Student: 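Take this structure, written in structure tokens, and hold onto it; I'll ask about it next.
Bear in mind the structure is a predicted one, so any value in this text is a computation, not a measurement. The first residue in the sequence is number 1, and the count goes up from there.
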Amino acid sequence: QVQLVESGGGLVQAGDSLRLSCTDSKRSVRGYAMGWFRQAPGKERDFVAALSWSGNSRYYADSLEGRFTISFDNAKNTLYLQMNTLQPEDTAVYFCAAKGGTAVLSSTPKIPDEYDYWGQGTQVTVST
């Protein structure tokens with residue numbers, strides 16, 4: 001059972017940067033498709049970024065590409081989301097997710113329902 005834990009959230013000012021981390025301390029998540037999603041109060045959980053099982057392909061929400069970068073450190077078994085030039089509209093709870101199995105060999109999921117495992121979320125608040 002994959003157990004993901006996010007960290008790195010916090011309160012920042014507009015224009016600042018943050019790096020979120022997501023890891024499973026007990027088992028490797030190499031070979032899993034991994035994703036970041038965010039959910040603002042009263043809104044649906046939205047796709048932010050995803051990394052293919054191989055780590056070779058990255059996908060971003062159109063509005064976020066260029067500011068956000070997803071990456072994975074094999075040695076640390078940790079998924080990252082580097083967020084630059086943060087804006088108040090980026091305020092949300094950020095979740096990481098993982099999906100294993102043969103389905104990820106052909107497609108990297110970008111919809112919440114397609115992921116099997118989730119972290120508890122980390123709050124990011126951007127003030128003006």
Side-chain angles (χ1 to χ4, degrees):
Q1 182 79 4
V2 174
Q3 294 181 319
L4 302 172
V5 178
E6 302 98 334
S7 60
L11 173 63
V12 297
Q13 293 185 329
D16 286 350
S17 297
L18 272 178
R19 189 178 73 165
L20 305 182
S21 301
C22 170
T23 190
D24 184 328
S25 62
K26 296 184 178 181
R27 63 175 291 168
S28 173
V29 291
R30 289 185 65 180
Y32 283 74
M34 304 288 291
W36 286 101
F37 292 80
R38 67 184 184 183
Q39 188 166 18
K43 296 189 176 182
E44 295 184 347
R45 191 167 296 189
D46 291 332
F47 171 71
V48 173
L51 189 66
S52 65
W53 70 273
S54 65
N56 292 333
S57 298
R58 294 170 170 78
Y59 306 89
Y60 297 95
D62 290 343
S63 62
L64 300 177
E65 189 163 13
R67 289 198 300 126
F68 288 17
T69 302
I70 189 171
S71 62
F72 188 81
D73 187 324
N74 288 325
K76 297 182 178 181
N77 194 41
T78 299
L79 179 74
Y80 297 104
L81 183 69
Q82 177 68 41
M83 306 185 294
N84 298 328
T85 321
L86 284 163
Q87 299 300 317
E89 52 266 34
D90 295 317
T91 295
V93 178
Y94 284 71
F95 298 89
C96 70
K99 179 176 178 62
T102 57
V104 302
L105 299 180
S106 58
S107 177
T108 300
K110 305 169 192 67
I111 299 173
D113 287 349
E114 294 179 321
Y115 282 88
D116 300 319
Y117 306 103
W118 291 86
Q120 82 290 347
T122 185
Q123 176 71 46
V124 173
T125 303
V126 185
S127 64
T128 56

Student: Say whether V93 and L86 are linked into one hydrophobic cluster, either directly or through other cluster members, by side-chain heavy-atom distances under 4.5 angstrom.
Tutor: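 No: no chain of side-chain contacts under 4.5 Å links V93 to L86.
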Student: Search all heavy atoms of Q3 against all heavy atoms of K26 and return the closest pair with its distance.
Tutor: OE1-CD, 4.3 Å
Student: Is it the case that more than 12 heavy atoms not belonging to N74 sit under 6.0 Å from its CG atom?
Tutor: yes
Student: With no hydrogens and no angle check, just 3.5 Å: does a side-chain donor-acceptor pair link T125 and Q123?
Tutor: yes
Student: Do R19 and M83 have side chains that approach each other closer than 4.5 Å (heavy atoms only, starting at C-beta)?
Tutor: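 Not in contact.
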Student: Taking Q120's backbone N and O only, do any of them form a donor-acceptor pair with E6's side chain (distance below 3.5 Å, no angle check)?
Tutor: yes
Student: For N84 and S17, test the side chains for any donor-to-acceptor distance below 3.5 angstrom and give the result as yes or no.
Tutor: yes
Student: Minimum heavy-atom separation for E114 to K99, with atom names?
Tutor: O-CD, 2.8 Å
Student: Check whether any side-chain N or O of T78 sits under 3.5 Å from a backbone N or O of K76 as a donor-acceptor pair, and report yes or no.
Tutor: yes
Student: About how many Å separate CG of D16 and CD of Q87, when rounded to the nearest 0.5 Å?
Tutor: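 Interatomic distance, Q87 CD to D16 CG, rounded to 0.5 Å: 10.0 Å.
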Student: Rounded to the nearest 0.5 Å, how far apart are CD1 of I111 and CZ of R45?
Tutor: 14.0 Å
Student: Could you give the distance from OH (Y115) to SG (C96), rounded to the nearest 0.5 Å?
Tutor: 10.5 Å
Student: Write down the atom of F95, the atom of G119, and the distance for their closest heavy-atom approach.
Tutor: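 Closest pair (atom of F95, atom of G119, distance): CD2-O, 3.6 Å.
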Student: Would you indicate whether the side-chain heavy atoms of I70 and V48 approach each other to under 4.5 Å?
Tutor: no
Student: Would you kindly check if the NZ (Lys) or CZ (Arg) of K110 is within the cone defined by 45 degrees around the ring axis of Y59 and under 6.0 Å from the six-membered ring centre?
Tutor: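 So K110 does make the cation-pi contact.
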Student: Nearest 0.5 Å please: distance from the CE atom of M34 over to the OG atom of S52.
Tutor: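 It comes to 12.0 Å.
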Student: Should we say atom CD of E89 is surrounded by more than 12 heavy atoms from elsewhere, each under 6.0 Å from it?
Tutor: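 Yes, because the 6.0 Å sphere around CD of E89 holds more than 12 heavy atoms from other groups.
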Student: Measure up the F68 and Y94 rings against each other and bin them: parallel (under 30°), tilted (30 to 60°), perpendicular (over 60°).
Tutor: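 Ring orientation, 0 to 90° scale: tilted.
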Student: Determine yes or no for a side-chain-to-main-chain donor-acceptor pair under 3.5 angstrom, with N77 supplying the side chain and V29 the backbone.
Tutor: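 A pair under 3.5 Å: yes.
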Student: Indicate yes or no: at least one non-hydrogen side-chain atom of T108 is less than 4.5 angstrom from one of W53.
Tutor: no
Student: Grab the two heavy atoms, one from A40 and one from A92, that are nearest each other, plus how far apart they are.
Tutor: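 Closest heavy-atom pair between A40 and A92: N-CB, 3.8 Å.
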Student: State which residue, out of L20, L81, D90, fulfils the side chain to side chain contact (heavy atoms under 4.5 Å, CB included) condition with V124.
Tutor: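 Among L20, L81, D90, the one meeting side chain to side chain contact (heavy atoms under 4.5 Å, CB included) with V124 is L20.
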Student: I'd like to know if R38 pairs up with D46 as an ion pair, taking the criterion as any Lys NZ or Arg NE/NH1/NH2 lying under 4.0 Å from an Asp or Glu carboxylate oxygen.
Tutor: no
Student: Hey, are the side chains of L79 and L51 touching, using non-hydrogen atoms and a 4.5 Å cut-off?
Tutor: yes
Student: For a 4.5 angstrom cut-off between non-hydrogen side-chain atoms, does Q13 reach V126?
Tutor: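 No, their side chains stay 4.5 Å or more apart.
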Student: Give the minimum heavy-atom separation between F37 and W118, together with the two atoms involved.
Tutor: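 Scanning both residues, the minimum pair turns out to be CD1-CH2, 3.5 Å.
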Student: Minimum heavy-atom separation for G9 and T122, please, with both atom names.
Tutor: N-OG1, 3.2 Å
Student: Could you tell me if the side chain of D24 sits less than 4.5 Å from the side chain of Y117, heavy atoms only?
Tutor: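 Side-chain contact under 4.5 Å: no.
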Student: Do the side chain of S107 and the main chain of V104 share a donor and acceptor less than 3.5 angstrom apart?
Tutor: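 Such a contact is absent between S107 side chain and V104 backbone.
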Student: Say whether, by atom type as modelled, one donor and one acceptor occur between the side chain of W36 and the main chain of Y80 under 3.5 angstrom.
Tutor: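 Answer holds: yes.
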